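Structure record follows, encoded as structure tokens.
Computed from a predicted model, the values in this text were never measured in an experiment. Position 1 is the first residue of the sequence; numbering continues from there.
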Amino acid sequence: AIEIIKAPTPDMDGDAVGGIVNLITKSAFERGETSFDLNAGMDYVALREKWVPHFDLGYSGLALNGKLGLRLDLSYYKGDEGFDNIDYDSNPLAPGQPQNTGLGLTDGSVFFHEDTEYNNFFIERNRYGFSASIDYKLSDNSALYFKPVYTYEKRSEDDRRFHKIMDND
């Protein structure tokens with residue numbers, strides 16, 4: 001979970017004037033027993049006509065009569081996104097000339113079409129993540145913990161543009 005705190009309270013670090021972002025990772029003590037979690041799925045990206053996978057795998061376990069907890073999480077997400085659009089470029093034919101064009105233009109200028117740009121943007125992302133929590137319960141009110149988190153993203157982009165220039169003569 002992600003907890004966002006806009007205004008620090010007296011029990012928080014005073015150097016965080018702009019606020020605090022607190023990453024709350026899972027703990028084996030939340031489950032209370034050994035467990036495995038698997039979430040897997042596929043998303044269909046209609047624009048690219050592709051299926052893209054994602055999964056999360058988790059393990060929780062306790063040892064030493066419930067005083068030591070271990071939680072491990074792995075995740076993978078593949079994104080194959082992008083967008084397609086068409087840009088039209090126009091220039092004023094007679095800038096600033098007061099004309100009643102009926103087009104809702106503020107200065108009455110008449111424009112001519114200069115060129116058209118067909119754009120295809122392809123964005124592919126591969127995200128890998130790992131988090132762990134090693135907790136040792138000293139008493140009911142205190143614990144020691146080590147919680148490493150690692151995330152990696154490999155991103156590639158392909159920007160394809162096709163121009164159609166109009167003959168304005």
Which value, rounded to the nearest 0.5 Å, describes the distance between [X] atom [atom1] and [Y] atom [atom2]?
| X | Y | atom1 | atom2 | answer |
| --- | --- | --- | --- | --- |
| Glu153 | Arg127 | CD | CZ | 4.5 Å |
| Lys154 | Glu124 | NZ | CD | 8.0 Å |
| Leu68 | Phe29 | CG | CZ | 6.5 Å |
| Leu144 | Tyr136 | CG | OH | 8.5 Å |

For the residue pair [X] and [Y], what are the closest heavy atoms and their distance?
| X | Y | result |
| --- | --- | --- |
| Val149 | Ser131 | CG2-CB, 4.1 Å |
| Gly69 | Leu62 | CA-CD2, 3.7 Å |
| Leu138 | Lys67 | O-NZ, 4.0 Å |
| Ser60 | Ala28 | OG-CA, 4.1 Å |

Discussion item. Considering only residues two or more places apart or on different chains, which pairs with a residue in residues 142-151 satisfy side chain to side chain donor-acceptor pair (under 3.5 Å)?
Written reply: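 Non-adjacent pairs meeting side chain to side chain donor-acceptor pair (under 3.5 Å): Ser139-Ser142.
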
Worksheet item: Are Leu74 and Ile134 connected in a single hydrophobic cluster, I mean Ile/Leu/Val/Met/Phe/Trp/Tyr linked by side-chain heavy atoms less than 4.5 Å apart?
Response: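 As far as the 4.5 Å side-chain criterion goes, Leu74 and Ile134 are connected within one cluster.
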
Report all side-chain donor-acceptor pairs from residues 33-42 shorter than 3.5 Å, counting only partners two or more places apart or in another chain.
residue	atom	partner	partner atom	Å
Asp37	OD1	Arg31	NH2	3.3
Asp37	OD2	Arg31	NH2	3.0
Asp37	OD2	Arg71	NH1	3.2
Asp37	OD2	Arg71	NH2	3.0

Worksheet item: Is the number of heavy atoms from other residues, nucleotides or ligands under 6.0 Å of Leu64 CG greater than 12?
Response: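 Check passes, neighbour count above 12.
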
Worksheet item: Which residue pairs pass the salt bridge (charged side-chain N to carboxylate O under 4.0 Å, His left out) test with at least one member in residues 49-62, sequence neighbours excluded?
Response: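 Output for this query lists Lys50-Asp80.
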
[X]: partners by ring-ring contact (aromatic ring centres under 6.0 Å, His included), with sequence neighbours left out:
| X | result |
| --- | --- |
| Phe146 | none |
| Phe55 | none |
| Tyr76 | Tyr128 |

